[in-house]
Amino acid sequence: MEKIKMTTPLVEMDGDEMTRILWQMIKDELLTPFIDLKTEYYDLGLEERNRTDDQVTIDSANATKKYGVAVKCATITPNAARMKEYNLKEMWKSPNGTIRAMLDGTVFRTPIAVKGIEPNVKTWKKPITIARHAYGDVYKATEMKIPGAGKAELVYTAEDGTEVRKLIHNFTGAGIIQGQHNLDASIESFAHSCFKYALDTHQELWFATKDTISKKYDHTFKDIFQEIYDTQYKEAFEKAGISYFYTLIDDAVARVMKSEGGFIWACKNYDGDVMSDMISSAFGSLAMMTSVLVSPDGYYEYEAAHGTVQRHYYKHLKGEETSTNSVATIFAWTGALRKRGELDGLPELSAFADKLEKACLTTIESGKMTKDLALITTIENPVVLNSQDFIKAIRGELEKML
């Protein structure tokens with residue numbers, strides 16, 4: 001068959017360790033045989049980030065602004081052990097954090113539902129998408145250990161020099177304090193991304209904070225969301241037949257556990273970090289979870305929600321066989337290709353993405369899967385395939401569909 005043509009490149013961000021190995025396998029087996037693949041390539045592997053003083057990450061984010069759609073492989077966020085292992089100049093920041101900040105984006109993470117991998121929560125029938133605000137709160141907090149008795153205050157000094165002071169605590173002994181912040185502009189971007197994504201995917205949107213306790217900080221999130229919804233999105237939501245719903249975070253947790261799923265749950269930064277792992281684990285596997293960064297300016301960056309699968313990579317380097325689940329990384333590619341097809345008016349490219357996703361699910365439902373899924377599947381006598389054979393099995397199903 002003739003290869004599907006692309007008109008605009010995707011921004012391709014390569015990554016680290018086992019996911020980098022899978023990245024090339026996916027391109028060789030599932031993409032380039034069928035698509036005249038156009039990408040602008042950036043190597044976000046740790047060695048290249050170190051060599052370029054992380055400029056390559058900044059360049060890839062700017063390219064995403066230029067072309068609108070990116071696909072990213074999992075990358076290492078270095079710690080002290082990685083500093084030594086890779087002989088790094090410094091402990092480079094998370095590429096995901098850098099890209100999120102530059103695109104002013106919100107991360108949407110959704111489990112990949114497949115027959116034979118049943119959710120641990122029996123009421124869940126449809127995937128639940130977590131929308132995580134990706135700025136501020138505890139992730140940009142300033143912390144201090146208090147050595148002994150004394151007064152701690154929160155002080156704001158305006159540009160004209162005037163001060164506002166609030167007592168944090170009169171310490172009678174040792175303790176700790178933490179100062180968190182957020183920005184109205186960032187919360188507004190978060191809200192716009194959530195409302196737009198709900199309309200794009202035709203799903204209800206929930207948002208939850210703890211405004212009864214945090215009457216200034218969390219309440220500001222609630223107020224901004226409500227004002228933007230009422231003035232800019234309410235009419236579109238009603239026309240689409242979907243709703244926006246606000247509740248307290250603890251009430252949201254209780255409701256989620258009793259729901260059927262099929263909605264977007266918007267969370268502040270820390271809540272989203274925790275809840276996305278809970279959702280993915282309860283649906284089956286972190287290796288079966290998509291992640292897309294959506295900017296209010298219309299930029300999209302697709303990736304898998306999991307890490308670089310370090311343990312499998314070391315086995316691979318020793319020549320040992322691995323059985324690494326590549327589904328979320330494949331779905332990163334399909335998400336980007338589908339969006340590229342939508343934006344460029346190429347229905348055949350979007351249709352290919354749909355078929356490749358279906359091929360992944362059909363392969364698993366036929367009983368062929370990687371070891372992580374074989375351990376939790378309800379399918380009897382599953383066939384456990386190694387990393388490469390699993391991708392080849394998906395290709396077999398894809399070729400039938402094409």
Side-chain angles (χ1 to χ4, degrees), residues 53-54 57-58 61 77-80 90-107 130-194 207-231 246-253 266-276 293 295-297:
D53 297 332
D54 211 29
T57 305
I58 294 164
T77 299
N79 55 16
E90 62 178 85
M91 203 177 292
W92 304 110
K93 292 178 181 178
S94 159
N96 291 347
T98 299
I99 294 164
R100 278 198 296 262
M102 287 184 66
L103 300 185
D104 194 20
T106 296
V107 178
I130 295 290
R132 176 186 170 190
H133 187 213
Y135 178 83
D137 303 344
V138 70
Y139 299 87
K140 280 193 174 286
T142 299
E143 301 175 319
M144 185 187 297
K145 281 195 170 187
I146 304 301
K151 181 171 69 173
E153 292 182 307
L154 201 60
V155 181
Y156 164 69
T157 307
E159 285 187 339
D160 64 5
T162 57
E163 286 187 352
V164 179
R165 290 175 174 267
K166 290 269 187 179
L167 177 68
I168 297 171
H169 189 66
N170 276 315
F171 285 87
T172 57
I176 46 174
I177 59 172
Q178 182 185 76
Q180 295 187 29
H181 80 278
N182 221 295
L183 308 172
D184 282 7
S186 181
I187 301 167
E188 288 163 9
S189 292
F190 176 40
H192 282 295
S193 292
C194 289
F207 180 47
T209 68
K210 193 69 172 175
D211 65 283
T212 52
I213 302 299
S214 177
K215 291 181 169 62
K216 292 281 196 298
Y217 199 102
D218 280 25
H219 216 296
T220 297
F221 277 82
K222 177 185 177 182
D223 291 344
I224 287 173
F225 261 73
Q226 194 64 51
E227 183 184 359
I228 288 174
Y229 174 72
D230 289 340
T231 59
Y246 175 83
T247 189
L248 294 170
I249 187 69
D250 42 342
D251 180 49
V253 170
C267 296
K268 287 171 56 195
N269 209 347
Y270 177 77
D271 296 338
D273 194 358
V274 174
M275 296 307 172
S276 65
L293 178 72
S295 160
D297 296 317

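- Applying the side chain to side chain contact (heavy atoms under 4.5 Å, CB included) criterion to V274, with sequence neighbours excluded, gives Y270.
- Residues satisfying the salt bridge (charged side-chain N to carboxylate O under 4.0 Å, His left out) test with E153, not counting sequence neighbours, are K151, R165.
- Checked against side-chain hydrogen bond (donor to acceptor under 3.5 Å, both in side chains), D53 has the following partners two or more places apart in sequence or in another chain: K89.
- Scanning for side-chain hydrogen bond (donor to acceptor under 3.5 Å, both in side chains) contacts around T157 gives an empty result, with sequence neighbours left out.
- Partners of T220 by side-chain hydrogen bond (donor to acceptor under 3.5 Å, both in side chains), not counting sequence neighbours: none found.
- Sorted by first and then second residue, the ring-ring contact (aromatic ring centres under 6.0 Å, His included) pairs with a member in residues 154-182 read Y135-H181, H169-F171; sequence neighbours excluded.
- Listed by chain and residue number, D137, V138, A141, Q178, Y217 satisfy the side chain to side chain contact (heavy atoms under 4.5 Å, CB included) test with Q180 (two or more places apart in sequence, or in another chain).
- With sequence neighbours excluded, the residues forming a side chain to side chain contact (heavy atoms under 4.5 Å, CB included) with D54 are R49, T57, W92, T98, listed by chain and number.
- Partners of F225 according to the ring-ring contact (aromatic ring centres under 6.0 Å, His included) rule, which considers only residues two or more places apart in sequence or in another chain, are F190, F195, F207.
- Using a cut-off of 4.0 Å between Lys/Arg side-chain N and Asp/Glu carboxylate O, D211 and K222 are scored as salt-bridged.
- Partners of D297 under the side-chain hydrogen bond (donor to acceptor under 3.5 Å, both in side chains) rule, at least two apart in sequence or in another chain, do not exist in this structure.
- Contacts of T172 classified as side chain to side chain contact (heavy atoms under 4.5 Å, CB included), with partners at least two apart in sequence or in another chain: none.
- Checked against salt bridge (charged side-chain N to carboxylate O under 4.0 Å, His left out), D271 has no partners two or more places apart in sequence or in another chain.
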